[in-house]
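One structure below.
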Protein chains: 2
Amino acid sequence: MDISVDCVIFGFDEQQLKVLLIEQKHPDQPSRSFKPQMALPGDLVKDQESFDDAAARVLMELTSLKGIYLKQFYAFGNPDRVRDLKDREWLRSFRKNPERRVVTIGYYSLIKMDDFKPKPSSFAGRVHWVDVYKVPELAFDHNEIVDRALAILRHELMADHIGFELLPEKFTLSQLQRLYEIILDKKLDKRNFRKNILRTDTVKALEEKQTGVLHKPAQLFSVKNPRTS
Amino acid sequence: MDISVDCVIFGFDEQQLKVLLIEQKHPDQPSRSFKPQMALPGDLVKDQESFDDAAARVLMELTSLKGIYLKQFYAFGNPDRVRDLKDREWLRSFRKNPERRVVTIGYYSLIKMDDFKPKPSSFAGRVHWVDVYKVPELAFDHNEIVDRALAILRHELMADHIGFELLPEKFTLSQLQRLYEIILDKKLDKRNFRKNILRTDTVKALEEKQTGVLHKPAQLFSVKNPRTS
DNA sequence: GCGACTTAGTGTAAAAATTACACTAAGTTC
DNA sequence: GAACTTAGTGTAATTTTTACACTAAGTCGC
């Protein structure tokens, strides 16, 4: 049995909540013309490596980022994870022991899309930011992994007021509200949202205002206690 | 790498929240006189076995119970899990590949202590119900596993109103309150607790009352929608 | 039978949180 | 200056939470 970590990396561009997907590297077989198989970034855990370290490594290789929000959320161990022919073929091409069972520890991460600097990695082809509500069919059970991560994100957003990691260091309350609405997939009332956020005492008003916008410039805020990990 | 499931099995005797611990089987070395090493019940996951099935198997072997509340809560993969000499020695005596790294998927379960019928199992010596607030030093990282499971139990108790699985089918509201107080480790107000529980609409009043008690007999209740898994 | 004892069961009021709702302010663009 | 767009704001009703005391109804012992 091998163990992998797969990372659901969330980003936000003010319009959409995105998830970072990779094109699986495909075999050098030009006779085969097919659409690249999308997957979550992940890699096998090394022998003396903790899960956290493995997930951080995957992230570092892919994004050059470290010390960012990264959390384990579930272990996927269904023996049927590899049902599809395409998945079996990929394993045969890229894994030393393709017949060996692989279980996965799911991690999710929150990054500022502006901080993202794509890097070639040992395990990924091209990368794509994809709207989390429009995720195509992925390799293995990765669609289920994304769904579970989103459910956890929703829950943590409400319980722990996470999410700031997805926004710029200085943000407007409307940006924050938009983030909540997209993650929760429901409309929130502006007056109530502002009142509630201020009551959580997690943000502080800056002395600056937004500039270069076609409407009344909004007050800028930042998070009171930035979370580092 | 091998994968095990370890089960934190909670029980409740109206005075204490308990966790089921096993004495690790110890080598037949009468020259060694030592206190049995306590541990959580667990076993290696078999080749074509899901985590859920493995955990259910452990439970079934130990308690003869099936279809009870059982949930995965965390994956433990620290390479340093086996630091102690005693743990290394145990692995050497009982595992086919003692040097091979083992990671663990943690599960927790809730059972009625009256339903518990101890059974000899392949992986456990004697079993003990131990007060969850008085857990001794356990093998490997099992103390951390217990702590995390308790935190999850506390959270799920409040978020999902679980816990009925720890009580008899017919229970008083005071028994339920006592369960909450012990799990949460804090005193609750009786009037408020009763009002809140009734408002969750998860219990129904039976037409019976408690008998044979030294005080006013309490109304009996049962859970409205018993959870099966 | 009565008193002692113990827990069961109950409601109110104040404070806090949630829910629903409309209009003026302050920029840019033409 | 008008049009347009989003920013920012408070009130009232409802619901939930928090804090608090006393009578009811059994068993036991004398």
Notebook entry, point to check: In terms of the angle between their ring planes, are A:H142 and A:F140 parallel, tilted or perpendicular, with boundaries placed at 30° and 60°?
Noted result: tilted
Next item on the list: Indicate the ring-plane relationship of A:F164 and A:F171, choosing parallel, tilted or perpendicular according to the 30° and 60° boundaries.
Entry: parallel
Item checked: Nucleic acid contacts of residues 166-193 of chain B, taken as heavy-atom distances under 4.0 Å to DNA chain C -> B:S174, B:K190, B:R191
Note to self: For DNA chain C, which residues of residues 205-216 of chain A approach it to below 4.0 angstrom with any heavy atom?
What the structure shows: A:V213, A:L214, A:H215, A:K216
Atom [atom1] of [X] and atom [atom2] of [N]: how far apart are they, to the nearest Å?
X	N	atom1	atom2	value
A:I197	C:dT18	CD1	C1'	15 Å
B:R199	C:dT18	CZ	C1'	12 Å
B:N196	D:dT16	CG	P	10 Å
B:F221	C:dG9	CZ	P	6 Å

Notebook entry, point to check: Knowing that exactly one of A:Q210, A:E14, A:K170 qualifies, which makes a side chain to side chain donor-acceptor pair (under 3.5 Å) with A:Q175?
Noted result: A:E14
Give a yes or no on this: more than 12 heavy atoms of other residues, nucleotides or ligands lie within 6.0 Å of atom [atom1] of [X].
X	atom1	answer
B:R126	CZ	no
A:K224	NZ	yes
A:Q219	CD	yes

Margin query: Determine whether the aromatic ring centres of residues A:F12 and A:F10 are separated by less than 6.0 angstrom.
Written below: no
Note to self: Taking the side chain as everything from C-beta on, heavy atoms only, tell me whether A:D13 gets closer than 4.5 Å to A:W129.
What the structure shows: no
Note to self: Below the 4.0 Å mark, does C:dG11 have OP1 or OP2 next to a side-chain nitrogen or oxygen of B:R194?
What the structure shows: no
Next item on the list: Name the closest nucleotide to the B:K195 side chain, picking from C:dT18, D:dT17, C:dT12.
Entry: C:dT12
